[in-house]
Amino acid sequence: MSATAPSESIHRDPWAPPRQWVARELSVRLAHRGLTLDPAAIEGELASPPEGMGDLALPLFRWAKQAKTDPNTLATALAEGFPLGEYLAGVEASRGFLNFRLQPEWLAAATLRSVLVLAQEYGRSPPNQRRVCVEHTSTNPTGLLHVGRSRNGIVGDTYVRALRAAGYDVTAQFYVDDIGRQAATLVWIWSKPIDQWPEEVRSRAGLSAGAVAPEGMKSDAWLGKPYPGASELVAQDAAAAQEVSQLVARFERGEIPADEYRRVPREVLEGTKATLARVGIRFDEFVWESEFVLDGSVSKVLELFAASPHARREEGGALAVDASGWDLPKKEAVILLTRSDGSSLYVVRDVAYHLQKLARFERVIDVLGEDHKLHFRTLSALLEMAGVARKPELFTYSFVSLPEGKMSTRAGRVVTLDDLLEEAHVRALEEVRKRRPDLDAAEAERIAESVGTGAVRYHLLAIQPDKPITFRWEEALSFEGRSAPFVQYAHARAASLLRRAQESNPAELAHALAERPGLFPLPGTMEDRELALLKTLSRFPSLVARVAETGAVHLLALYPHEVAERLNEYYQAVRVLGGEPNWLPFRLALIAAARQVLRNSLELIAIEPLDRM
RNA sequence: GCGCCGGUGGCUCAGCUUGGAUAGAGCAGCGGCUUCCUAAGCCGCCUGUCGUGGGUUCAAAUCCCACCCGGCGCGCCA
């Protein structure tokens, strides 16, 4: 059978047809040897062999045992006369494995067609109509966002993008805790003029009586100034704490209009939103925690639990439930729901919030710091106790600390995202000026912003969420190696090359990217680097699907880096423009495809694919 | 003390979900590459008891157990 005529159909995942075909053929051949196996099961066993040993590998140890033979004999027997068909260039047995080599030209054609025809859709799945809510970031509106908290946003936003790419209908939510102790403390201190603040709060904030926000200062930076002092005061001073409680109580009773109470948190939130937007993070909905108190749903939840057989009263009058039968550590078997004064605790309001989410969405995902793991289990137990069959899903990440220790606003040991982004911008601008003195100021600024914010986002994303990060300035601001600028640079090179092709010979470029990209059959054998790049490009769709399924969002940062590596190596080794004329169409198509995949993968991590830098 | 999560070259990390063939990158170090598509690049060299010890298996960085180290948590905070 000729293997030179590539299939004309377009596949979202170029690997799907050969995998399925190989699995089917194997199923038939294994059946001849008394092994009845579903093709899907065989496909699940197909793995990647080591470099240079082919493209698909099937370990035969387990099945050889079942067939009472040794793996190598089985592999050799299967390799014997295995049909190559449209997809394969070779099949060989090796040490108990059966290795399949894909027909390079088939893989090249299939990949180029998929990438160039599907374009921005390459890697994405069609809509599946499933409604998902991803709640992330949800920082207390008490001041500036620090780098640790921003990990939540970066990881969460990437997960949102991955789920969307996988076809989900995703709503990204930010839960605004305006009524908890922390936000209430800030509302309380700003409810008085500065000259009425306790002296220690005022001096700690560095504000004198009658101070006003300096021109251009972000609202979260300004309004957050008294927070460390005020929160310390409230922790130590019973009278101050009492004032905060009363403020909350009055708000809950409707004696303070929501608009008025929320003024400070809302303005802080505006600052937070601006910072998050700078790293590409946007939300569909902001849900105010106090809403669940004001609309009565918290009361309903409390009534429900109070009436349940698990309810109990603590000394002092607080309401709790006995959750001994639920999967919780022993000490948490009793879950406290209210304070002694009857006011609701966070977890109760969270129950109300989740009841609403579960009613609206098919899947509910919470992106939380690892310190919330136990809270989440408590919440899940309460939801179950409340008779809810479905459960929210938890996505956690570990903390970001500083070399000196844990970040602490109170100890002044904290790096804010604003400061980090500013420093990144400044350093990036320096680099741009150095490397491209020819660019005008506006473009240099624009590139610096993109490179700087990209580097920061990339740095915090590229590590498996479960791992703790020790933040170091030099690493966060690295513009080479495993970093966003490395990827952006590869993209800029590809864009530049295509720009030149467009300028010098637009007809040839259009021809190369026509409906049969690269104009197969090829004039000869591809370079190794061409095939390596193509193989990397072909893996993108299955990667996106895997990330959406597992939440391994760091792989989405690692992948474009791998594409950039392959592209840079190729670019260095093979001359495209002015090289071998017969190869020009294919190579232009390959560069265009690499650029497209870089764009698509960078889009998923909200890093701008620069055309020049 | 109990629970959850991490521990892979000097440093920072992939790989662990679903065990598979010589454990991959980046940074740092050393040595090369620019009359030619952007050198934020490329090529080469150097660096590993995969925390420790047991177990399961034809096969363990990957699964199980114990221990060590680090992070996080363990009711009137969120």
Side-chain angles (χ1 to χ4, degrees), chain A residues 44-45 47 49-51 53 57 59-62 64-65 70-71 94-97 99 138 140 177 180-183 235 289 314 316-320 328-341 343 345-347 349-350 369-375 377-378 396-399 401 406 428 431-432 434-436 451 459 462-464 466-470 472 474-475 478-490 492-501 504 546 549-550 552 554-555 558 561-562 564-565 568-569 571-579 587 591 612-613:
Chain A
E45 285 294 310
E51 191 64 35
M53 300 189 75
L60 290 163
F61 304 91
R62 189 170 319 151
K65 197 178 244 178
D70 73 284
S94 165
R95 302 167 63 180
F97 293 86
N99 294 331
S138 302
N140 284 318
D177 180 357
R181 246 11 208 197
Q182 301 173 8
E289 182 174 12
E314 300 299 292
L319 176 66
L328 291 171
K330 286 186 240 20
K331 285 178 80 176
E332 271 61 54
V334 175
I335 304 169
L336 200 60
L337 303 179
T338 69
R339 301 187 180 92
S340 297
D341 66 6
S343 62
L345 255 13
Y346 174 71
V347 71
R349 304 191 294 269
D350 219 13
E370 62 174 334
D371 54 335
H372 281 62
K373 281 182 181 179
L374 181 59
H375 166 76
R377 287 175 68 182
T378 309
T396 56
Y397 64 94
S398 287
F399 278 16
S401 59
K406 191 177 170 180
E431 290 297 314
V432 176
K434 195 163 72 195
R435 294 164 200 274
R436 295 295 304 274
V451 164
H459 177 70
I463 294 171
Q464 190 195 324
D466 274 338
K467 296 212 183 193
I469 295 179
T470 302
R472 293 185 183 85
E474 327 82 72
E475 288 171 5
S478 165
F479 296 157
E480 52 185 33
R482 202 195 63 188
S483 70
F486 177 97
V487 183
Q488 290 171 308
Y489 180 71
R493 273 179 150 183
S496 170
L497 194 159
L498 293 166
R499 204 161 47 232
R500 280 172 184 270
S504 61
R546 186 180 155 206
E549 198 179 318
T550 64
H554 61 295
L555 299 180
L558 269 16
H561 177 257
E562 190 184 327
E565 267 185 312
N568 280 332
E569 289 162 8
Y571 184 94
Q572 194 79 22
V574 179
R575 185 77 201 170
V576 177
L577 300 179
R587 289 177 178 165
I591 296 290
R612 302 169 207 274
M613 63 186 283

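Every chain is numbered from 1 and lettered A, B, ... according to where its sequence line falls, protein lines coming before strand lines.
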message = side chain to side chain contact (heavy atoms under 4.5 Å, CB included) for A/Arg499 and A/Arg612? Distances and angles first, verdict last.
response = CA-CA 11 Å; A/Arg499 204 161 47 232; A/Arg612 302 169 207 274; 3.5 Å; yes
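Nucleotides B/rG6 and B/rA14 place their P atoms 11 Å apart, quoted to the nearest Å. The separation of B/rA23 from B/rG51, taken at their P atoms, amounts to 15 Å, rounded to a whole angstrom. Comparing B/rG48 with B/rG24, their C1' atoms sit 12 Å apart, to the nearest whole Å.
Protein atom CG of A/Leu374 is 16 Å distant from nucleotide atom P of B/rC77, rounded to whole Å. Rounding to whole angstrom units, CZ of residue A/Arg181 and C1' of B/rC76 are separated by 10 Å. Residue A/Glu370 contributes atom CD, which lies 12 Å from atom P of B/rC74 at whole-angstrom precision. Nucleotide B/rG6 holds its P atom 16 Å from the CG atom of A/Asp371, rounded to whole Å. If you measure from atom CD1 of A/Ile469 to atom C1' of B/rC5, you get 14 Å, rounded to the nearest angstrom. Residue A/Arg472 contributes atom CZ, which lies 15 Å from atom C1' of B/rG26 at whole-angstrom precision. Here the C1' atom of nucleotide B/rG26 and the NE2 atom of A/His459 are 12 Å apart, to the nearest Å.
In this structure, A/Pro49 reaches the bases: a heavy-atom distance under 4.0 Å links it to at least one base atom across the strands shown. Within 4.0 Å of A/His554, counting heavy atoms only, lie sugar-phosphate atoms of the nucleic acid but no base atom. Nucleic acid contact class of A/Ser94 (heavy atoms, under 4.0 Å, all strands): base. Looking at heavy-atom distances under 4.0 Å, A/Leu555 makes contact with sugar-phosphate atoms alone, never a base.
The aromatic ring of A/Phe97 sits over the base of B/rA21, with ring centres less than 5.5 Å apart and planes inclined by under 30°.
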Dot-bracket notation for RNA chain B, counting Watson-Crick and G-U pairs under 3.5 Å, with | for partners on another strand = (((((((..((((......[...)))).(((((.......))))).....(((((..]....))))))))))))....
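Nucleotide B/rG75 is shown with a syn base, its glycosidic torsion being within 90° of 0.
Closest to the side chain of A/Asn99, out of B/rG73, B/rA21, B/rC16, is B/rA21. With distances taken from any side-chain atom of A/Glu314 to the nucleotides B/rC76, B/rG6, B/rG15, the minimum falls on B/rC76. Residue A/Thr550 places its side chain closer to B/rU17 than to any other of B/rU17, B/rA14, B/rC76.
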Could you list all N or O pairs between the protein and nucleotides 57-60 of chain B that sit under 3.5 Å apart?
residue: B/rC58; atom: OP1; partner: A/Lys65; partner atom: NZ; Å: 2.8

Protein-nucleic acid N or O pairs under 3.5 Å, nucleotides 22-25 of chain B:
residue: B/rA25; atom: O3'; partner: A/Glu565; partner atom: OE2; Å: 3.4

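Judged as a side-chain contact (heavy atoms from CB on, under 4.5 Å), and not counting sequence neighbours, the contacts of A/Ala320 are A/Arg312, A/Glu314, A/Val334, A/Leu336. A/Arg575 is linked by a side chain to side chain donor-acceptor pair (under 3.5 Å) to nothing, counting only residues two or more places apart in sequence or in another chain.
With rounding to the nearest 0.5 angstrom, the CD1 atom of A/Ile463 is 8.0 Å from the CD atom of A/Glu475. Rounding to the nearest 0.5 angstrom, the gap separating the CG atom in A/Asn568 from the OH atom in A/Tyr489 is 7.0 Å.
Between the base of B/rC72 and the side chain of A/Ser398 there is no donor-acceptor pair shorter than 3.5 Å.
There is no side-chain donor-acceptor pair under 3.5 Å between A/Arg546 and A/Thr550.
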ask   = How does protein contact run along nucleotides 31-41 of chain B, one letter per nucleotide 5' to 3', with B for base contact, S for sugar-phosphate only, - for none, heavy atoms under 4.0 Å?
value = -----BBBSBB
